[in-house]
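Proteins get letters first, then strands, A, B, ... in listed order; numbering begins at 1 in each.
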Amino acid sequence: MSSDRSKLAFWLLMAPLLIWLVTLIILPHVGMFLVSLREKVGVREYETSFANYAVFFNEPLYWNTFARTAYMSIASTVLTLLIGFPIAYYIAKLTRGRTKTTLFLMCLIPFWVSELVRTFGWMILLRETGVISNVLQYLGLIGGPVEMLYNDAAIMTGLVYTSMLFMVVPLITTLDSLDDSLIEAGYDLGASGFSILREIVIPHAMPGIVSGCIVVFMLSLGNYLTPILLGGKDSLWFTGLIYSQFITRFNWELGSAFGFLLLGLSSLIVFVGLKLSRQSLGKTMAQ
Amino acid sequence: MATVTLKELKKSFGKTQVIHGIDLEVLDGEFIVIVGPSGCGKSTLLRMVAGLETVTDGEVQIGGERVNDSEPMERDIAMVFQNYALYPHMTVFDNMAYGLKIAGKPKAEIVERVHEAAKLLQLESYLKRRPRELSGGQRQRVAMGRAIVRKPSVFLFDEPLSNLDAKLRVQMRLEIKQLQRRLGVTSLYVTHDQVEAMTLADRMIVMNAGKADQIGAPLEVYANPQTQFVAGFIGSPPMNFLPSEMANDAPGGAKTLGIRPEHMRFARTGKEATVIYTEALGAETLVHVELKQGASATIRQNAAGPVPSEGAVVHLDWDAGDRLFFDSQGRRC
Ligand SMILES: Nc1ncnc2c1ncn2[C@@H]1O[C@H](COP(=O)(O)OP(=O)(O)OP(=O)(O)O)[C@@H](O)[C@H]1O
Ligand SMILES: [Mg+2]
């Protein structure tokens, strides 16, 4: 009897989560998958086939964009990690009390404004008539106005900036849990600062590094606003392609196929990343 | 093996000074225990010797050489931390071998030295495990093993037993002492537990608010405390402090009269006191009384003796030779 009751309680408690998962994640994906398998053969006539996927592989622009999105996202993840790690280390280990809270909040401040405003801020800075260009001209370092928008560096800057918090927070959490005495014991045992970083700090921070990287990578891969606004028309970001298939061309079939490919790609890269770093998803998420 | 010398050692964190000038000569192979209440600066003192904390003023010498500005690794010391500071992602073997690997020792030598230390500490069957798969006492041993394999000239211990339960603490205390005897390595050992200090130390430093109140052999410190603080800190239950007027031959300037609980006894005549409560501990009984003058005291009595009931009026007596007098500054007089 009591086990029946506890089972019922379990399902009732799980219900909101399950409903959410089913209606908002699984159903749309099943629907999208079905749509992606439809090939338009005439007006309101469809056949089931992988033709939409074939379109993707036969058109270099599509899979070039696809590959570019992947490696740009990986690059932005690595860059975010390289910049975020020292910041997180500094906040977690070298400051305490008020300073720590203040610095932590300063990392949060950019996220009080919407992504649109944040990206727009970068545009104000980087465009031809923007702040940086003007200052450089004023200082006489450059002759005429320079355009710093609409290139890969601008996209990268925007991506790193947008996702920094999602790297720094898990890193601070794991580094905070690293006992100072472990580092001191390292020095006591004769290790140099570099070997302590490599053999003690990084292995300890690994779960944080991996979960930060997964989140940042997913966010970059799925980011639409930043690459389009900072990269311009030719940003060639895969989400841009999906958007134009769905909205501009009303080609839901191809758009769905693209969406599925993106899902597959992100899962694959995360999987490979986890294997390479010898971490398990369970371990990372338990952190 | 080496001597350790501290000369007028001082430490400030910002404007607050926490160590107020400590002088100490540690002989080669000596076991020195630094004991004192929480926050008196024991850890800070030890960490200055270890090189983990900078020296504000004064000098630290190891083996006769000034090491104020040397890196921890250059000091030929090995520290055992309170929480053991073992690396969770390394096996017991790797933890113990880490220092040797860093030092670039040949593999065969590392294996030999780790196994030698593991044997000494009865850790041989645990070498492949990770720290979290060990009990507290075993972790403690690994931490010691990591220090031993490096064959340092000085061991530094910062409350190494405080995370263990009472029984294990007694056992590990014994093991540490035997190990240190066998290896003959100069050791500095920090604890706030005065029993640990009494049992381990060749000599102990009783610290009080950043100063060394007394340095001496445990029994000497116990029998002959130089300050009221030391008298009250060393010994359990602590020394009874009574107003010096209770002795009619108190020396000039004396404010407090100190008598150890075991030196007080019940008598037919003497100071009148009321029994507040009694604690029978098996071998002995502690009787807590309140004297007429308002002071309270504890009498430690053999369990075979008569135990007065609570609320009874008793008379206390003691030998004149067992009395200690302290002035208003807490110094002996
Ligand atoms: N990094 C620091 N910055 C500022 N003050 C400190 C620092 N480390 C220690 N202190 C202060 O120095 C004093 C002595 O600290 P220490 O850790 O040496 O005490 P302790 O005797 O080891 O105490 P415990 O038995 O609790 O470990 C304390 O008052 C402490 O607040
Ligand atoms: Mg301490």
Side-chain angles (χ1 to χ4, degrees), chain A residues 85 89 92-100 102 170-171 173-213 273-287, chain B residues 13-14 43-44 46-54 70-91 94-105 110 130-131 139 142-152 154-160 163:
Chain A
F85 196 88
Y89 189 84
K93 284 277 146 256
L94 304 177
T95 58
R96 33 175 65 89
R98 285 270 290 277
T99 333
K100 190 172 195 152
T102 314
L171 282 180
T173 318
T174 45
L175 287 174
D176 241 351
S177 69
L178 172 67
D179 202 306
D180 284 344
S181 67
L182 289 182
I183 297 173
E184 286 176 346
Y187 282 115
D188 184 68
L189 291 168
S192 63
F194 177 72
S195 35
I196 287 178
L197 180 71
R198 209 189 51 180
E199 285 154 34
I200 296 163
V201 178
I202 291 184
H204 180 91
M206 212 55 198
I209 293 177
V210 171
S211 62
C213 283
L274 282 173
K275 277 278 162 285
L276 284 181
S277 62
R278 282 189 234 99
Q279 295 285 313
S280 76
L281 200 60
K283 219 164 104 189
T284 305
M285 290 306 141
Q287 188 64 38
Chain B
F13 290 108
S43 297
T44 308
L46 194 75
R47 291 162 58 83
M48 280 197 280
V49 178
L52 297 171
E53 209 78 77
T54 56
S70 316
E71 295 293 320
M73 58 184 287
E74 295 159 3
R75 300 190 180 197
D76 202 14
I77 45 123
M79 183 145 168
V80 178
F81 291 81
Q82 178 170 6
N83 58 1
Y84 318 139
L86 300 176
Y87 298 121
H89 58 280
M90 296 183 195
T91 61
D94 288 334
N95 263 289
M96 284 168 68
Y98 188 63
L100 299 176
K101 265 185 200 152
I102 295 267
K105 293 272 186 279
I110 295 179
R130 299 203 181 241
R139 275 180 225 179
V142 177
M144 303 245 300
R146 191 168 68 177
I148 290 173
V149 289
R150 299 172 57 212
K151 307 200 165 135
V154 182
F155 281 139
L156 303 174
F157 299 92
D158 191 356
E159 309 213 17
N163 284 348

| For residues A:E199 and B:Y87, is any side-chain donor paired with an opposing acceptor at under 3.5 Å? | no

| query | Hey, what do you get for CD1 (A:I202) to NE2 (B:H89), rounding to the nearest 0.5 Å? | reply | 10.5 Å

| note | Here the pair of heavy atoms bringing B:P72 nearest to A:Y187 is CB-O, 3.7 Å

| Minimum heavy-atom distance between B:P88 and A:L182, given as atom pair plus value | CD-CD1, 4.3 Å

| task | Go through A:S181, A:P203, A:A191 and name the one with the most non-hydrogen pairs under 4.5 angstrom from chain B. | result | A:S181

| Proximity breakdown for B:R47 and chain A, heavy-atom pairs closer than 4.5 Å | side chain

| query | In terms of heavy-atom pairs under 4.5 Å with chain A, which of B:A103, B:A78, B:A147 leads? | reply | B:A78

| Any idea which of A:D188, A:D179, A:D180 has the most non-hydrogen atom pairs under 4.5 angstrom with chain B? | A:D188

| request: Select one option (side chain, backbone, both, neither) describing which atoms of B:I77 are under 4.5 Å from chain A's heavy atoms. | output: both

| field | Shortest non-hydrogen contact from B:M73 toward A:G190 | value | CB-CA, 3.3 Å

